[in-house]
Amino acid sequence: MINLELAIKEAFIEIFKQKFTADFNTDMVVVQQTRKEIEGDYTINVFPLVKAAAKAPEALAHEIGTGLVQILDFVSNYNVIKGFLNLTIADTYWLELAKTMTQDPNFGIKESDPNKSPILIEYSSPNTNKPLHLGHVRNNLLGYSIAEILKADGNNVVKVNLVNDRGIHICKSMLAWEKFSQGATPQSTNLKGDHLVGKYYVEFDRLYKSQIAELVAQGVEEEEAAKQAPAILEAQEMLRQWEAGNEQVVGLWKKMNSWVYEGFDATYQKMGVDFDKIYYESETYLLGKSTVQEALKNQVLFVKEDGSVWADLTDEGLDQKLLLRADGTSVYMTQDIGTAKLRMDDYQPSSMLYVVGNEQNYHFDVLKIVLQKMGYTWAKDIYHISYGMVELPHGKMKSREGTVVDADDLMDEVIASAEEITRQSGKMEGLSVEEAQQLFYKIGMGALKFFLLKVDPKKKMLFNPAESIDFNGNTGPFVQYTHARIQSVLRKSTDHTFEPWQSELIINDKERNLIKMIGNFPEVVHQAALGFSPALMASYVYDLAKEYNQFYHDNPILKEENKALASFRLDLSRSTAAIIRNALKMLGIQAPNQM
RNA sequence: GGUCCGGUAGCUCAGUCGGAUAGAGCAGCAGCCUUCUAAGCUGCGGGCCGUGGGUUCGAAUCCCGCCCGGAUCACCA
């Protein structure tokens, strides 16, 4: 198939040059799809060219429109409204396009070249001191979806997770467990491992707060009290012991982390996300430290009186940044430096993407600059995919106020809602118990995922639980339903094996719109990949489903008596279903065949 | 205070490398199932695109100021 927009643009430029002047900027010629309510398929705005042509907009548009109809056989007609030249494309072209699309079940999906160096994407990045919550859910879904979109656009993608399994926060959980748990385990308490460990993190906080309050009551300044409280001192000591390799501390650390991983695995599986490689900060922070030491030798960094190591970024308009504490322990930045280096060595990626919340924008600015100062040229290929916080109707999530939405609970709730609504609708005919469970899962998760992914990542979003399980309108289940509906038609179409393409077909507006819309899919995939934007894909697939539903409403398919037409509509339906399935897949959403 | 991000219908969001009368969904109201799945379709009402300037034939979109909200500027991650 030829590229219509390009062909039109070239022809336009050709005609313009002949008739007027060769001296104009070809960027001024922009071919776009015509607005729905106006007759035509492609539109060129001639306003930018009136000066170069020294001609009134309408006259100019008419002149070039006439020329385009003559030169391009697929342009059947044109009209002019003000300075807008609207071109009508011949139906023979649309039918040719329809034929191409419907014969390719993977239309719009590019194969990746295995020799191309990969794009590495990090997402999830949990801490091992507490279970995943709603914010992580947005992160995981975004990361997974962006990875799938990049793959569909022909890239090799390596999905990685970075588990923050070390640091002061883990020591807090460990300390509280030692003090209060009396040896509790996931088995003994029947709690998911991540939830059990999270419980002790909260316990620590309680203890710590009470100690601070006590000190303040004794007349100590609050800030000072926070530094002196025995709990935090013990936790810091524990971190030093851990870094020193103290067997008992390391043993406890291993035990508690293993509980957490078991819990995380279950959550990831339910969420439907996965990773090609999992990095652990406990395995990368030493490389970070040595990298920092090396840079120190090369005079890139400096040491303060207390022995702590810093980067001076004041030239870049940023502050000084700590890289190693006075006691030699590493911080977040140190670990990220080591991790980045390790990944470069492991995969030689063409770029490294980090899906991390916008509260860390500064961190990533610093990371890039520090790596650049250290002389790593690949630092420029680091991209922070920054996304906004998820807020609840009554404000932000706050663990202290118990308003954190737990990921496991959330998923269970949407699935339960899906079950309730599906049972009411009575559309489970013929499904086994197992299949029905699968269906509730697909629909519930479809609702949740679509709800979270349809919003532009960089914006903060409001999570309204009631709307997240809505099944009408701009929702996952609406799109899934459209797919299921098509599947139902396809199942009943066994006697329609007619080849439509030799016949002379006359198509109507709804059919033409649908063809155009499907035809846009490859470009949408590409744009979504360039913009790291699942939201764009969600928006497209919703529009496509809506377009199909209109077509479906107005046009008989199986009941159409003209065999060629019936077969054509069936092919169009099949193609729509395939696009919906592939688009949803890029959002991590499954498309049931019945619902 | 510095830096960054956002402000579009009652609510949640599209639209933002300048283009035609600013679009969806939800909520509200009114219709459409003896016919391929009504989780659908059709219609109605609803907008100083935060605000004031500027650039332009043309601004929700670009530039400047201001107002409001958020993030960040940690020896937390």
Side-chain angles (χ1 to χ4, degrees), chain A residues 27 30 32 34-38 43 45 47-48 50-51 57 81-84 86 125 127 129 164 166-170 172 236 281 304 306 308-310 317-319 321-327 329-333 335-336 356-363 365-366 386 388-389 391 393 396 421-422 424-425 427 429 443 447 451 454-456 458-464 466-467 470-482 484-493 535-536 538-539 542-543 545-546 548-550 552-560 566 569-570 573 594-595:
Chain A
D27 288 343
V30 177
Q32 46 195 170
T34 305
R35 300 169 53 128
K36 252 189 175 172
E37 62 276 17
I38 290 166
T43 294
N45 186 341
F47 268 116
V50 294
K51 220 175 245 176
I81 303 173
K82 294 194 232 171
F84 295 92
N86 303 307
S125 327
N127 293 344
N129 61 334
N164 184 359
R166 64 165 296 279
I168 191 76
H169 54 288
I170 315 301
K172 291 177 181 176
Q236 283 164 353
E281 287 194 355
K304 285 198 178 173
D306 64 355
S308 54
V309 179
W310 295 73
L318 303 174
D319 297 320
K321 185 75 191 174
L322 176 93
L323 296 178
L324 285 177
R325 296 189 184 100
D327 66 3
T329 54
S330 65
V331 293
Y332 182 38
M333 187 62 68
Q335 293 152 190
D336 260 5
V356 178
N358 63 11
E359 77 272 18
Q360 294 191 32
N361 287 355
Y362 182 74
H363 172 81
D365 288 346
V366 171
S386 164
M389 296 294 98
E391 292 177 9
K396 287 184 193 169
I421 296 173
T422 304
Q424 280 167 14
S425 76
K427 286 177 174 167
E429 204 181 322
I443 296 174
F451 185 79
K454 74 179 175 186
V455 180
D456 182 347
K458 71 168 182 288
K459 289 192 177 178
K460 69 166 191 269
M461 68 174 296
L462 186 87
F463 185 83
N464 184 329
E467 285 176 20
D470 196 350
F471 290 7
N472 301 311
N474 190 355
T475 66
F478 169 90
V479 179
Q480 290 174 313
Y481 173 74
T482 306
R485 209 181 204 192
I486 296 172
Q487 293 306 323
S488 173
V489 175
L490 294 178
R491 277 194 296 273
K492 292 176 180 167
S493 71
L536 193 64
S539 166
Y542 167 68
D543 287 339
K546 207 162 49 141
Y548 182 84
N549 280 328
Q550 289 172 19
Y552 177 91
H553 183 266
D554 294 355
N555 297 283
I557 302 168
L558 303 176
K559 294 191 185 337
E560 170 58 49
R569 287 175 181 165
L570 200 62
S573 299
Q594 176 184 344
M595 68 183 274

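Heavy atoms only: backbone and side chains are in, while hydrogens, waters and symmetry mates are out.
No donor-acceptor contact under 3.5 Å links the side chain of A:Asp554 to the base of B:C41.
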Legend entry - Pairing string, 5' to 3', for RNA chain B - Watson-Crick or wobble contacts under 3.5 Å, brackets [ ] where pairs cross, | to another strand: ((((((((.[[[[.)...(...]]]].(((((.......))))).....[[[[[..)....]]]]])))))))....
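Take A:Ser125 and apply the side chain to side chain donor-acceptor pair (under 3.5 Å) test, not counting sequence neighbours, and it matches A:Glu122. Remark: A:Phe451 pairs with A:Lys454, A:Met461, A:Phe463, A:Glu467, A:Ser468 by the side-chain contact (heavy atoms from CB on, under 4.5 Å) rule, at least two apart or across chains. For the salt bridge (Lys or Arg N to Asp or Glu O under 4.0 Å) test, no residue two or more places apart in sequence or in another chain qualifies with A:Glu429. With sequence neighbours left out, A:Asp456 forms a side chain to side chain donor-acceptor pair (under 3.5 Å) with A:Lys458. Applying the ring pair (Phe, Tyr, Trp, His ring centres under 6.0 Å) rule to A:Phe84 yields no partners; only residues at least two apart in sequence or on another chain are considered. Residues passing the side chain to side chain donor-acceptor pair (under 3.5 Å) test with A:Thr475, sequence neighbours excluded: none. Taking A:Asp306 as the reference, A:Ser308 meet the side chain to side chain donor-acceptor pair (under 3.5 Å) condition, with sequence neighbours excluded.
As judged by a 4.0 angstrom heavy-atom cut-off over every strand, A:Asp27 is placed among residues making no nucleic acid contact. Residue contacts shown for A:Leu324 are absent, as no nucleic acid heavy atom lies under 4.0 Å away. Backbone-only engagement by A:Asp470 is indicated by non-hydrogen atom pairs under 4.0 Å involving sugar-phosphate atoms exclusively. Residue contacts for A:Thr475: at a heavy-atom cut-off of 4.0 Å it reaches no nucleic acid atom on any strand shown.
When side chains are defined from C-beta on, A:Lys172 does not count as touching A:Asn129, because their heavy atoms never get closer than 4.5 Å.
Between the P atom of B:C41 and the CG atom of A:Asp543 lies a distance of 12 Å, rounded to the nearest Å. Separating the CD atom of A:Gln487 from the C1' atom of B:C36 is a distance of 13 Å, rounded to the nearest angstrom. Rounded to whole Å, the distance from OH on A:Tyr362 to P on B:C5 is 16 Å.
Between B:C5, B:G40, B:U37, one nucleotide has an atom nearer to the side chain of A:Lys458 than all others, and that is B:C5. Distances were taken from every side-chain heavy atom of A:Lys51 (C-beta onward) to each of B:C57, B:C36, B:C41; the shortest belongs to B:C57. Counting only heavy atoms from C-beta on, A:Asn361 has its side chain closest to B:C4 among B:C4, B:A74, B:G40. Checked against B:C76, B:C41, B:U72, the side chain of A:Arg325 finds its nearest nucleotide in B:C76. Across B:C75, B:C73, B:C76, the shortest atom-to-atom separation from the side chain of A:Ile168 is found for B:C76.
In this structure B:C68 sits in the anti conformation; its chi angle is more than 90° from 0.
In terms of phosphate contacts, A:Arg485 brings a side-chain nitrogen or oxygen within less than 4.0 Å of OP1 or OP2 of B:A38. In terms of phosphate contacts, A:Gln360 brings no side-chain nitrogen or oxygen within less than 4.0 Å of OP1 or OP2 of B:U72. Between A:Asn472 and B:G40 there is a side-chain polar atom (N or O) within less than 4.0 angstrom of OP1 or OP2.
For the atom pair OH of A:Tyr548 and OG1 of A:Thr482, the computed distance is 9.0 Å after rounding to the nearest 0.5 Å. Taking CG of A:Asp470 as the start and CZ of A:Phe478 as the end, the distance is 12.0 Å to the nearest 0.5 Å.
Between A:Ile486 and A:Tyr542, the residue whose closest nucleotide on RNA chain B is further toward the 5' end is A:Tyr542. Mapping A:Gln594 and A:Arg166 onto RNA chain B by nearest heavy atom places A:Gln594 at the nucleotide closer to the 5' end.
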Legend entry - Protein proximity profile, nucleotides 10-23 of chain B - base contact B, sugar-phosphate-only contact S, no contact -, cut-off 4.0 Å on heavy atoms: --SSS-B--BBS-S
